[in-house]
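Computation of the quantities below employed the complete heavy-atom set of this structure, encompassing side-chain atoms and omitting hydrogens, waters and symmetry-equivalent molecules. Convention: sequence-line order gives letters A, B, ...; per-chain numbering from 1.
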Protein chains: 2
Amino acid sequence: MSAKKLDRIDKKILKALVEDGRKSTIEVADQVGLSATACGRRIRQLEDDGFITGYSANISPKELGLNICVLITVKLNRHTPDGHEQFIHEIESHPEVSEFLLVAGNYDYLLRVWVADTDALTLFVANVLQGIPSVLETSTMLVLKQSGDLVNLPW
Amino acid sequence: MSAKKLDRIDKKILKALVEDGRKSTIEVADQVGLSATACGRRIRQLEDDGFITGYSANISPKELGLNICVLITVKLNRHTPDGHEQFIHEIESHPEVSEFLLVAGNYDYLLRVWVADTDALTLFVANVLQGIPSVLETSTMLVLKQSGDLVNLPW
DNA sequence: GTTGAAACTTATTAAAC
DNA sequence: GTTTAATAAGTTTCAAC
């Protein structure tokens with residue numbers, strides 16, 4: 001949970017590092033109006049306190065030949081631990097699934113899937129997904145446009 | 001589009017930098033079995049070729065006091081450029097929307113929204129979303145579990 | 001909070017293989 | 001591709017203010 005609270009400068013630091021996770025301490029310090037020493041201390045603190053959980057390189061799916069992104073909602077027919085386990089186990093072994101969410105609402109799961117072309121998509125939906133016994137029904141939405149992978153910070 | 005193809009080592013480099021975007025050239029080099037010089041060259045190449053689009057710090061929503069994540073599907077009543085523009089314009093000014101996708105399928109948009117509590121969620125859905133004239137109907141799914149924000153690479 | 005300096009680690013480049 | 005060496009830049013820690 002959130003134990004400590006962030007002041008305006010901490011928030012600026014987070015913003016700077018979300019924009020570019022490889023910014024040097026000095027660059028961040030300039031951007032937020034702090035000395036490098038003080039800024040370095042705060043960054044370390046933000047990491048230690050768990051506000052910053054890590055750093056990642058952002059990869060371009062298109063460059064990897066993954067031209068199609070779809071969202072697939074899934075309903076299971078067996079709402080038992082077994083049914084879920086079976087589903088998760090099958091799904092996890094498929095790298096085209098870039099994200100999967102357990103949800104409560106009209107569906108049980110929502111998957112984000114990247115594929116090269118419609119053939120690959122057909123294979124995935126027909127052979128993989130619908131081949132899982134605990135899957136009752138799926139519905140696929142084609143993603144036409146994404147809001148940048150930019151993370152919006154709440155300020 | 002993808003002009004150049006990646007060999008096994010390039011893929012390992014991408015994997016290493018997705019895991020930790022601040023890994024030093026030397027660490028990556030060790031991990032993939034390359035000299036630091038060669039590895040640095042490849043990393044720069046991957047950046048220049050657009051395979052790596054950038055680096056980001058990963059922030060913990062929980063630590064920021066954002067305890068609830070929901071997915072909200074949206075249908076518009078006016079499928080005109082104006083209707084979309086109006087919707088996007090309204091949505092973009094709300095930081096609780098961390099992601100929004102234009103989709104083709106059963107819905108028009110899908111939003112990922114982070115809020116502190118159910119009160120904030122109610123406010124957002126009732127006042128913000130349903131206050132937009134071009135919004136016909138929304139449906140909210142509570143996200144119970146996320147597949148790590150880990151990015152699955154297709155290998 | 002600040003500056004400044006020292007010690008250490010990296011990054012980058014070049015040269016030679 | 002490799003190693004080695006030199007330069008430049010960034011990080012971290014410490015002392016002093």
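Taking the six-membered ring for Trp, Y55(A) and Y55(B) have ring centres at least 6.0 Å apart.
Atom pair D30(B):CG and dT2(D):C1' shows a separation of 15 Å (rounding to whole Å applied). One interatomic measurement links the two molecules: OH of Y55(A) to P of dT11(D), which rounds to 10 Å at whole-angstrom precision.
For residues 115-130 of chain A, the set of pairs meeting the side-chain hydrogen bond (donor to acceptor under 3.5 Å, both in side chains) definition, not counting sequence neighbours, comprises Q130(A)-T138(A).
Within the 4.5 Å cutoff, the side chain of L66(B) has no heavy atoms near those of the V115(B) side chain.
Salt bridge annotation for E99(A)-R112(B): present, with a cationic side-chain nitrogen under 4.0 angstrom from a carboxylate oxygen.
For K75(B), the salt bridge (Lys or Arg N to Asp or Glu O under 4.0 Å) criterion is met by E137(B), not counting sequence neighbours.
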- Could you run down nucleotides 10-17 of chain C 5' to 3' and tag each one B, S or - for protein heavy-atom contact under 4.0 Å? SSSB----
